[in-house]
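What follows is a single structure, written as structure tokens, with notes after it.
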Amino acid sequence: MTLLKLDDLEVSYKLPGRGSLKAVDSVSFDLEPRQVLGLVGESGCGKSTLARAVCGLEPASSGSISFNGRPVGKLGLRKRDPALMRIQMVFQNPFASLNPRRTIGSQIEDGLRVNPDRDAWSVPDLLEHVELDPASRSRFPHQFSGGQRQRVAIARAIAAGPELLIGDEPIASLDASLQARIAILMRNLAVETGAALLFISHDLSVVRVIADDVAVMSAGRIVERGPVDRVWSAPEHPYTQRLLAAIPVVDGLGVLPG
Amino acid sequence: MTERGMTDVLAVQTRRKGRLRISKQLRTPLAITGGAIVVFWLVIALLAPSISPYDPLAQDFERLQAPGAEHWFGTDQVGRDVLSRVVSGAQVSIPLALMLVVFAMLIGSVLGAIAGYFGKAIDEMIMRIADLVFAFPTIILAMVIAAALGPSLTNAVIAMLIVSWPAYARVTRSLVLGARNAEYVIAGRLLGNGPFTSLGKDILPNVISPVVVLATLDVGTAILLLSGLSFLGLGAVPPTPDWGSMVADGVQQFSSWWIAAFPGLAILTVVLAFNFLGDALRDALDPRSQEAVQGRAL
């Protein structure tokens, strides 16, 4: 059965004054359980809005999202529907996504508390799985580097036992040497726990390494979707071709021009 | 209520890694002076019965004696020892002012947090009531309420509570508005936090320090306002030894300067000390003042 189904989804923002901006424009796609889908596209093309809508953080202006056959509505002021808590997100900015006043251990416990399988994990366990020192659970977020915080955020999301893990540009604010490692860590944890992964990034080379399928988004629409290798070797849409051509290639010369 | 205090406090942003450095930052001359005076008065208030030389209510002495060896601060128009009354006055003003500020902060920040978090109709309702209170000059509104309720210390405190909570509501509301969309708050919501859990666990701990600074700055104002109401006969009822009403007595006996001067000095020092402390706390919590203080330390 399909895990996540987007049907003609449209999300628009009201602009100040009159008019509105269609950030996501008639997007339809399916995501199967345990599938790793990379969503790529340039800045401002609606990737993050799409992720927020799937979490219920943005209301759909038309079309629908269903998760395990259950419609995803806007997360208002009420508590979140427990069934929808199987969707968890890792945010872009690791410096903003952890509460500065609480220990990382207690924040990961928040995730464990909503996991239907209560004994699936323990905090030290999770910390070890994201390659952090289990003894660091009593530390505060400011005592960690950006990469370590992102690991904590991943641990918190995994703790909740998600069936769908969303990474909203989780590597965009990390330095280059860490990006691939964090991305691979996310993939491995998702695969290990049986979760599907929707990985949003503008870094195509990382997406190529971790994703099974890739969807290319441009100006609010998904212009192409297919297995990574096929999209890579034979991009159909002109936008995809331009995007792939923009990847810097190491030419082996190792000299600066001029 | 302190327009100045409010804008100052709004400039304060909660800092992430504050705790450790705050203690160092509080070691400025002003903060130490303020802290020492506050501690001094708290000790006096605690020990008042045992250190006051005479009964503050006893009219045993010759009227209007100038300060001397027998009566350090002199005696008043009905023959009471002014020193004893000033010392006992600390027991009246300081606890009431502290209690008032704590309650105003609790009521104001809870209402402000609810207004900021839930928005829409609830926000409108709470903040319009706050605006209504803000529309009147503090002291005049407090006077009107105290006069309507009848003169007593309790009623004066109630009147002041009514006029002082909106400042906290406004500050807290604006801070909550800024924090409610922080990613860690949203992450908490995705993990099933309801609105009150979210407020209590994620939002309030991160925004409360500017509110506490405002409260510290407000203790002085509260003492001043309380004394003001007593001075006008709307607070403490005679013969309660309240600083404000003692100053009022002194004004009747203008040639005997000591009756008004000593309670006046008491008010001055306490208010000043709490303001020093509040200023220091604000500076310590203000990220922009970090470098300035570090520079001074070098």
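The chains referred to below are lettered A, B, ... by the order of the sequence lines, with proteins before strands, and numbering in each begins at 1.
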dist A/Arg101:CZ -> B/Ile203:CD1 (nearest 0.5 Å) comes out at 14.0 Å
Is the shortest side-chain heavy-atom distance between B/Tyr184 and A/Pro141 below 4.5 Å? no
Looking only at B/Pro195, B/Ala187, B/Ala182, the option with the highest number of non-hydrogen pairs under 4.5 Å against chain A is B/Ala187
Among residues 182-195 of chain A, residues within the sub-4.5 Å heavy-atom range of chain B, in order of number, are none
Determine whether more than 12 heavy atoms belonging to other residues, nucleotides or ligands lie under 6.0 Å from atom OH of A/Tyr13. yes
Any donor-acceptor N/O pair, B/Arg189 side chain to A/Gly76 backbone, under 3.5 Å
yes
For A/Asp133, the salt bridge (charged side-chain N to carboxylate O under 4.0 Å, His left out) test, sequence neighbours excluded, returns none
Ordered numerically, the heavy-atom neighbours of chain B under 4.5 Å found in residues 77-93 of chain A are A/Leu77, A/Arg78, A/Lys79, A/Arg80, A/Met85, A/Gln88, A/Met89, A/Phe91, A/Gln92, A/Asn93
Rounded to the nearest 0.5 angstrom, the CD-CG distance for B/Glu183 and A/Asp168 is 7.5 Å
Hey, is NZ on A/Lys74 packed in by over 12 heavy atoms from elsewhere, all under 6.0 Å? yes
Among residues 96-118 of chain B, those lying within the under-4.5 Å heavy-atom range of chain A are B/Tyr117, B/Phe118
CG of A/Leu57 to CD1 of B/Ile186, rounded to nearest 0.5 Å, is 5.5 Å
Under 4.0 Å between a Lys/Arg side-chain N and an Asp/Glu carboxylate O for A/Asp110 and B/Lys201? yes
- Query: Is A/Arg113 close to B/Leu191 at the side-chain level, that is, under 4.5 Å between some pair of heavy atoms?
  - Reply: no
